[in-house]
Student: 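Take this structure first; my questions come after.
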Amino acid sequence: APEPAAQDVSLGLDWLTRYGYLPPPDPAQAQLRSPEKLRDAIKVMQRFAGLPETGLLDPVTMATMHKPRCSLPDVLGVAELVRRRRRRR
Amino acid sequence: YALSGSIWKKRTLTWRIHSFPRSSALSQETVRTLMHHALAAWGIESGLKFREVGSQGPPEADILIDFVRAYHQDSYPFDGQGGTLAHAFFPGEHPISGDTHFDDEEIWTFGSKDGEGTDLFAVAVHEFGHALGLGHSSAPDSIMRPFYQGPVGEPTKYRLSQDDREGLQQLYGKGPQTPYDKPTMKPLAPPPPPPALPPGSPSLPVPDRCDGNFDAIANIRGETFFFKGPWFWRLQPSGQLVSPQPARLHRFWEGLPPQVTVIQAAYTPHRDGRILLFSGPQFWVFRDRQLEGDARPLAELGLPRGEQVDAAFSWPLNGKTYLVRGHRYWRYDEAAARPDPGYPRDLSLWEGAPPSPDDVAVSNDGATYFFKGAHYWRFPKGSVKADPDSPQPMGPQWLDCPAPSAGPRYPRPPKATLKPEPCNCHCEINQ
């Protein structure tokens, strides 16, 4: 499969983080995301959206990421808990 | 469906439209009517009541509705037309809990064809699902799917999908009987029979999770799975059960042979996406929910041929896999893909642990939990000595159950250091 464009990877990372599929980056450390972790996150997103689980930022996946949607994350994990705690504070 | 982990403790909720769309073709009265019907769609299935309060009403309605643009003083700024459309805050005690925000820069429509703007009623039903405590669902017909799916038809006739109803009723119970519950005509054809159960499955009723005595317990990607016969329960990282009703093993673990009706142990290797399920002298490896390859003998992990395991877990401190049977345990080195020499060893190294545990799991905060019967023994992160107040009843902590009336069948762990015995051991760093 052709490598996705850098812009798509950047948008994909941002989208996957915003909607809870990837943990938010830790500001205290420069953290690289492994290709395996990214592939797993894409697969979970694809399963959630009812797409074929390729683990790749393929055109169907990118198109889904551009669809209008609700702002809340799909995976309510650490990011949402941190956000809620901050809000409460 | 997915639950956010919070609900309203009252059954009548107040709502108010704080700001209307500034440049929409929809009149304020139409917006009010659509909001009323969108809330009613949830109310009719749960018995929840929604009372609109005007500007003369209490200053803080439970569900305060706003049409706002760009950054509007919460963590979810809007982004103009397209992209994000709306959001709502889950139930709670905070003033913003339940509040629902729509992007004022969308072209909000009602009764238009798909593609001509964004149907306000459809989005409102979705957002009020969040305001009542539901998360996003992946079910194809759910209104709680995160992506906008177009108009959903006439608001007065709209009815939630089964997935949404079940999620809501899990939180608030079922409402009084509605006209929908009464059949208006005979079904044209009998409903399809339920899928065949795996051989050997017990008939209904399903087991009671509050009894404890699970076959296996494992932390799988942050969720705790409790296995009992051909059933299992899931506990979300937030501490909320996905459902009090168990799910069927074979409906979830795709490819698990039908004759496997008991999972004796389960775990995920440290920093590994695989999931291993053990039954008898064999184990199966899953990627996500799908089986990968054939059954494999436990001998691959260093156990004697024909041996079985009571418990399996990956210890984050050293990344190694521990396999427990009776009062002994083996250790497997995942990185080197070989069993560590010098095993089995005596389980008493885990000071205070019960023999033949039902299973052992490592929690998201790194503590190790031994489970047996209806109790658990907690070992703080990195420690091989049980908490002094172990064992504790599992029910209240893990399964939304009352504490059992009888105490554990195993004595409390000694609080003093055990009698020293001669041993042939050597220390390794970090162990």
Side-chain angles (χ1 to χ4, degrees), chain A residues 11-12 14-24 27 31-56 60-89, chain B residues 2-6 74-79 81-90 92-97 100-103 106 117-118 123 126-127 129-131 134-140 143-150 221-223 236-238 240 271-273 287-290 364:
Chain A
L11 184 142
D14 177 51
W15 195 99
L16 292 165
T17 308
R18 191 182 319 160
Y19 296 115
Y21 296 99
L22 280 173
Q31 198 180 30
L32 286 175
R33 300 190 192 276
S34 72
E36 197 179 27
K37 282 266 188 301
L38 178 59
R39 198 176 60 233
D40 287 349
I42 296 170
K43 277 189 177 179
V44 177
M45 175 265 169
Q46 289 167 329
R47 193 184 323 145
F48 206 101
L51 307 175
E53 288 180 45
T54 62
L56 301 171
V60 190
T61 306
M62 292 307 298
T64 304
M65 288 179 172
H66 283 104
K67 276 189 178 176
R69 57 163 290 151
C70 173
S71 325
L72 294 196
D74 302 335
V75 182
L76 296 175
V78 178
E80 181 59 17
L81 292 176
V82 168
R83 210 193 300 255
R84 278 202 232 174
R85 215 168 291 143
R86 272 199 206 127
R87 213 162 45 217
R88 209 173 294 142
R89 214 178 287 148
Chain B
L3 308 178
S4 70
S6 54
D74 67 19
S75 314
Y76 305 100
F78 286 127
D79 52 4
Q81 202 179 324
T84 54
L85 304 174
H87 51 251
F89 293 87
F90 297 126
E93 301 296 326
H94 193 278
I96 207 168
S97 303
T100 305
H101 299 165
F102 296 87
D103 187 350
E106 303 299 335
T118 308
V123 176
H126 174 101
E127 298 306 334
H130 289 314
L134 292 180
H136 282 150
S137 168
S138 59
I143 195 71
M144 295 313 295
R145 277 178 70 106
F147 302 100
Y148 175 65
Q149 297 160 88
R221 299 181 184 177
E223 291 190 7
Q236 294 174 324
S238 61
Q240 178 134 14
R271 296 179 186 282
D272 190 334
R287 277 271 173 205
D288 305 321
R289 291 169 53 202
Q290 281 80 35
N364 293 340

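Remember, it's a predicted structure, so these values are computed and weren't measured experimentally.
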Student: Are there more than 12 heavy atoms of other residues, nucleotides or ligands under 6.0 Å from atom CD of B:E93?
Tutor: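 Open: at most 12 neighbouring heavy atoms sit under 6.0 Å from CD of B:E93.
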Student: Name the member of B:P140, B:G222, B:S97, B:S137 that forms the most heavy-atom pairs with chain A at distances under 4.5 Å.
Tutor: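 Looking at each of B:P140, B:G222, B:S97, B:S137 in turn, B:S137 comes out on top.
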Student: Is there a donor-acceptor contact under 3.5 Å from the side chain of B:R145 to the main chain of A:A49?
Tutor: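 Confirmed, B:R145 side chain pairs with A:A49 backbone.
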Student: Heavy atoms, side chains only, cut-off 4.5 Å: are B:Y76 and A:P73 in contact?
Tutor: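 They are in side-chain contact.
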Student: I need the residue from B:N364, B:D288, B:V123 with the largest number of non-hydrogen atom pairs under 4.5 Å to chain A.
Tutor: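 Looking at each option in turn, the highest pair count goes to B:D288.
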Student: Can you tell me which portion of B:E127 sits under 4.5 Å from chain A's heavy atoms? Options are side chain, backbone, both or neither.
Tutor: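 Contact with chain A is through the side chain of B:E127 alone.
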Student: Quick one: what part of B:A2 sits under 4.5 Å from any heavy atom of chain A, side chain, backbone, both or neither?
Tutor: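 Looking at B:A2, nothing touches chain A.
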Student: A:F48: which residues meet the ring pair (Phe, Tyr, Trp, His ring centres under 6.0 Å) condition with it, sequence neighbours left out?
Tutor: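 Counting only residues at least two positions away or on another chain, A:F48 forms no ring pair (Phe, Tyr, Trp, His ring centres under 6.0 Å).
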Student: Go through the atoms of A:D40 and report whether side chain, backbone, both or neither lie under 4.5 Å from a heavy atom of chain B.
Tutor: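 For A:D40, there is no contact with chain B at all, as no heavy atom is under 4.5 Å.
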Student: Measuring only between side-chain heavy atoms, which start at C-beta, is A:C70 closer than 4.5 Å to B:H130?
Tutor: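 In short, these two side chains touch, coming nearer than 4.5 Å.
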Student: Let's go through B:H136 and A:V75 carefully: what are the C-alpha distance in whole Å and the side-chain angles of both, what is the deciding distance for side chain to side chain contact (heavy atoms under 4.5 Å, CB included) to 0.1 Å, and is it a yes or a no?
Tutor: CA-CA 8 Å; B:H136 282 150; A:V75 182; over 6 Å; no
Student: Taking side chain to side chain donor-acceptor pair (under 3.5 Å) as the definition, give me every residue that meets it alongside A:S71, ordered by chain and number, with sequence neighbours left out.
Tutor: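 Checked A:S71 against side chain to side chain donor-acceptor pair (under 3.5 Å); matches are B:H87.
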Student: Please classify the contact of B:P146 with chain A as side chain, backbone, both or neither, using a heavy-atom distance under 4.5 Å.
Tutor: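 Its backbone and side chain both get close to chain A.
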Student: Does a side-chain heavy-atom distance below 4.5 Å link A:L72 with B:F89?
Tutor: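 A:L72 does not reach B:F89 side chain to side chain.
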Student: To the nearest 0.5 angstrom, please state how far the CD atom of A:E53 sits from the CZ atom of B:R287.
Tutor: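 CZ of B:R287 is found 12.5 Å from CD of A:E53.
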Student: Checking B:H101 against chain A: side chain, backbone, both or neither under 4.5 Å from a heavy atom?
Tutor: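 Neither; nothing under 4.5 Å.
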Student: Working to the nearest 0.5 Å, report the span between CZ of A:R18 and OG1 of B:T84.
Tutor: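 Answer rounded to 0.5 Å: 7.0 Å.
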Student: Drop me the distance from B:F147's CZ to A:M65's CE, to the nearest 0.5 angstrom.
Tutor: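 Answer rounded to 0.5 Å: 8.0 Å.
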Student: At a 4.5 Å cut-off on heavy atoms, which part of B:T118 comes close to chain A: side chain, backbone, both, or neither?
Tutor: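 No part of it gets close to chain A.
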Student: Can you find a heavy atom in the side chain of A:R47 that is under 4.5 Å from one in the side chain of B:S138?
Tutor: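 They are not in side-chain contact.
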